[in-house]
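Reminder, nothing fancy here: chain letters follow the sequence lines and each chain counts from 1.
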Amino acid sequence: MVHQHFMLADNLTVTENIVLGAEPTRGMVIDLGEARRRITQLADQYGLDIDPDELVEELTVGERQRVEILKVLYRGARILILDEPTAVLVPQEVEELFASMRELTQRGVTIIFISHKLDEVLEVADRITVLRGGRTVDTVLPGEVTARQLAELMVGSELPTPEVGEPTVTDRLELQIESVTVHGPDGRVVLDDVSLSVYGGEVVGIAGVEGNGQTPLIEAIMGLRPISSGVLRIGGEDATGWPTRRIRDAGVGLIPEDRTTQALLLPAPLWENVMLGHHWNPPFAKGMWVDREGAVRRTEEVIASFDVRTPGPDVPALALSGGNQQKLVVGREMLAQPRVLIAAHPTRGIDVGAQAAVWDQIREARRSGLAVLLVSADLEELIGLSDRLFVIYRGRLVAEVDPATVTAEELGSYMTGAKVG
Amino acid sequence: MRSRLLLSLLAPLVAIAFALGLAAVVLLAVDVDPVEAVGSMLDFAAQPASVVSILNRAIPLYISAIAVAVGFKMNLFNIGVEGQYLLAAVIAAWVGAQFSIWAPLHVLAILLVAAAIGAGYSGIAGVLRVRRGVSEVISTIMLNFIAVGLTAWLLSEHFRERIPGDLNIKTPEIPATGWIPNANWLLEIFGLRPPNNSELQGFIFGAALLGVIYYLLVWRTRFGYELRASGISASAARVAGVESGRMIVRAMLISGAFAGLVGMSPLLGFFHQYTGTFPVQLGFNGIAVALLGRNHPVGMALGAVLFGFLERSSQILDLEGIPKEIVTIITGVIVLAVVVAYEVVSRVVQRRTIQAAARAAEARPVPQEAAV
């Protein structure tokens, strides 16, 4: 198995990394000479060009990947699983990787290549199996399908019909981002020149395969990640570079994508969770003090209005089921009366009943004039709730589609880069 | 709720029983009757002079534990309380000896100097963590070494009072306006008559006040909420708009300010000058007391008194021919046992609350129309 994120010790050499855990020994000493000999032999045999004495921290990303592959081969593996191996590579390195893969398969090694990039799959695979929602959808041969047909298999041909009802969109521009570019910690562009506006009373959906810039988009809006260039406006005011607290005070609510690590303090009582992110404002605070009574009252309101099943506001959040936790988070953001709501995967990992309740809440909020930016991987959710729908791919908004008329094939093609808008 | 309180009291009791059991085994191994040994420790501790001594030892330990607990509450490990209080004590002792003003103001001025020095010194570790990513564990350990050296250097080279014929290295004595009067009357209320030369240090009220301040700060203020939220989940706190860097620096400053006050009870209540015999190790023992008391203001007070008792009563063991190091072993075992016992008990509590919540969810009728 070759992981998407490399599992290498930077301060060791290539040889030391490869033999780690399976060191050839002579008595109590590691026989590095023997290890180097075997690695060189493997590298020659499979055309994986590498200097066994180089420190891993000196290597390029492509070379590191070769080390990962050698690590597996060194242990005698005959089946390689490559998880999104091209995600971190530049195009030229991708070509090199494909050349090595062909070399390996010719010598009888089996490779399972996991990717959502259709052109790569079509180029390198002998057989393609499409998975959706944990099930095998179909197995096809690359010569017999087009990228579009693959895309349709990936997304499913049956798209739900939109059920947002009458448009309620107003002319109040609540959230606007203009040509926003964001860089990752490693300096790569993770959000590339994205422009987007959300008006009061509308839901704007962002569709895309995960890892294509959704998280940087949310973090840039929330002030959690610096914007390299471009402008963020909230209610017409320039909010570029504001700290998170000021953005929240300007009326931006957030349903974070990861409930347990970003939205909740699991061992803390519910009322302390309802405060989180609003704790400097009434009814949660009186000057420098926490207003317990106010917080508990608000929590009881959330519990009653959003049907959170709990013995009371004092139980720790970890005692609730995922669905009830999520209803608590949604309720906390709604009752703070935001002007903009960023909803990231708002129904991920919760039961059907809670899912329907959360959807109802979002529709209700839209009717009452809230501007909602909905980021999700669930197409049913996106088409069911959105007034307008954008597709994000490799950090760019590649297309705007009409949720009422879009076909699965079209959506899938944009999401996988098979078609560029 | 009441069963939870009961369970959280259960943890330290189980731990102490376990530790005593283990200590009994150790004592039996060296051919000592454990019942007799504990009996003589308790008898000795009940004497008025011992009560005074136990409380006097507990006061600085308690403040030290608070200093550590402030950091613990947001997963910061201030191992540097030791260095912070020693440096603060020597500088405050010297500054306090330079002037004499109206007594309450004089005492207050010395306390403020000590708190400021402690905060400033601890703040270095906070800034290093935020700006340079240096683990506060490592930087505070290193700062301890520096503080010990710095204290010795300041004392011998700059603050030393040279009296012909006196070979003791010490700072000049603080004028009587800077002394904290004893609190023996408190003992007399309880019918204890302390022997002539023993005094209960008056800063016991200061320690109690600091305990209240600690409680209000951590559990009642917005700052304390952000502190605890950051400790529970740094990522959730960040998303909620809590700036982690600023919180780390503020937490280290506050922890250091408490640490600066650790040495004030012995300094202003007994020594009145910084000398070579000034108590050390209070910072490290404070870590153990904070663990023992689970960062709770009352728990740590009990822990500090327990430590004071063990230290004091170990003296009688020597007279009975029992190695007093046995007490050090018991102390270590108690702390370890509490940590383990608390973990076990909190898992039981957690399982119970989850079950209770699940029952509550089932008991309610099927979802009604969601209403806003």
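Sparse packing is recorded around CZ of B/Phe145, with 12 or fewer heavy atoms of other residues, nucleotides or ligands lying under 6.0 Å away. Open room surrounds CD on A/Gln337; 12 or fewer heavy atoms of other groups in view lie less than 6.0 Å from it.
Neither the backbone nor the side chain of A/Ser321 comes within contact range of chain B, judged by heavy atoms closer than 4.5 Å. Using a 4.5 Å cut-off between heavy atoms, A/Arg292 contacts chain B through its side chain alone, with no backbone atom that close. Heavy atoms closer than 4.5 Å to chain B are found in both the backbone and the side chain of A/Leu318. In this structure, chain A has no heavy atom under 4.5 Å from any part of B/Gln355. For A/Leu254, the part lying near chain B is the side chain, with the backbone staying farther off; criterion is any non-hydrogen pair under 4.5 Å.
Among A/Ile247, A/Leu276, A/Asp291, A/Asp249, the residue making the largest number of heavy-atom pairs under 4.5 Å with chain B is A/Leu276. Ranked by heavy-atom pairs under 4.5 Å with chain B, the list A/Pro256, A/Ser368, A/Gly287 is led by A/Gly287.
Rounded to the nearest 0.5 angstrom, A/Leu266 CG and B/Gln350 CD are separated by 9.0 Å. With rounding to the nearest 0.5 Å, the separation of CG in A/Leu320 from CD1 in B/Ile354 is 9.5 Å. With rounding to the nearest 0.5 angstrom, the CZ atom of A/Phe284 is 12.5 Å from the CZ atom of B/Arg222. Atom CD of B/Glu226 sits about 9.0 Å away from atom CE of A/Met275, to the nearest 0.5 Å. Annotation: the span from B/Ser235 atom OG to A/Asp258 atom CG amounts to 7.5 Å, rounded to 0.5 Å. Here CZ of B/Arg238 is found 11.0 Å from CE of A/Met222. Values are rounded to the nearest 0.5 Å.
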What do the steps show when you test B/Val239 against A/Leu224 for side chain to side chain contact (heavy atoms under 4.5 Å, CB included), and what is the final call? CA-CA 7 Å; B/Val239 169; A/Leu224 293 164; 4.1 Å; yes
One pair to check against side chain to side chain contact (heavy atoms under 4.5 Å, CB included): A/Val290 and B/Arg220. What are the steps and the verdict? CA-CA 5 Å; A/Val290 167; B/Arg220 294 288 172 160; 5.8 Å; no
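Looking at heavy atoms from C-beta onward, B/Leu216 lies in side-chain contact with A/Trp289 at the 4.5 angstrom threshold.
Counting all heavy atoms, side chain and backbone alike, A/Pro311 lies closest to B/Ala356 at CG-O, 3.9 Å. Taking each heavy atom of B/Ala236 and A/Ala263 in turn, the nearest pair found is CB-N, 4.4 Å. Minimum heavy-atom separation, A/Ala319 to B/Thr353: CB-O, 3.8 Å.
Residue pairs meeting the ring pair (Phe, Tyr, Trp, His ring centres under 6.0 Å) criterion with at least one partner in residues 222-249 of chain B, sequence neighbours excluded, are A/His279-B/Tyr225. Screening residues 245-257 of chain B for salt bridge (Lys or Arg N to Asp or Glu O under 4.0 Å), with sequence neighbours left out, gives B/Glu243-B/Arg246.
Of all residues spanning residues 110-127 of chain B, none has a heavy atom less than 4.5 Å away from chain A's heavy atoms.
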Could you pull out every donor-acceptor pair under 3.5 Å between side chains of residues 267-274 of chain A and any protein atom, sequence neighbours left out?
residue  : atom : partner  : partner atom : Å
A/Trp271 : NE1  : A/Asp314 : OD1          : 3.3
A/Glu272 : OE1  : B/Arg228 : NH1          : 3.3
A/Glu272 : OE2  : B/Arg228 : NH1          : 3.0
A/Glu272 : OE2  : B/Arg228 : NH2          : 3.1
A/Asn273 : OD1  : A/Leu265 : N            : 2.6
A/Asn273 : ND2  : A/Leu265 : O            : 3.1
A/Asn273 : ND2  : A/Ala268 : O            : 3.1
A/Asn273 : ND2  : A/Pro269 : O            : 3.1

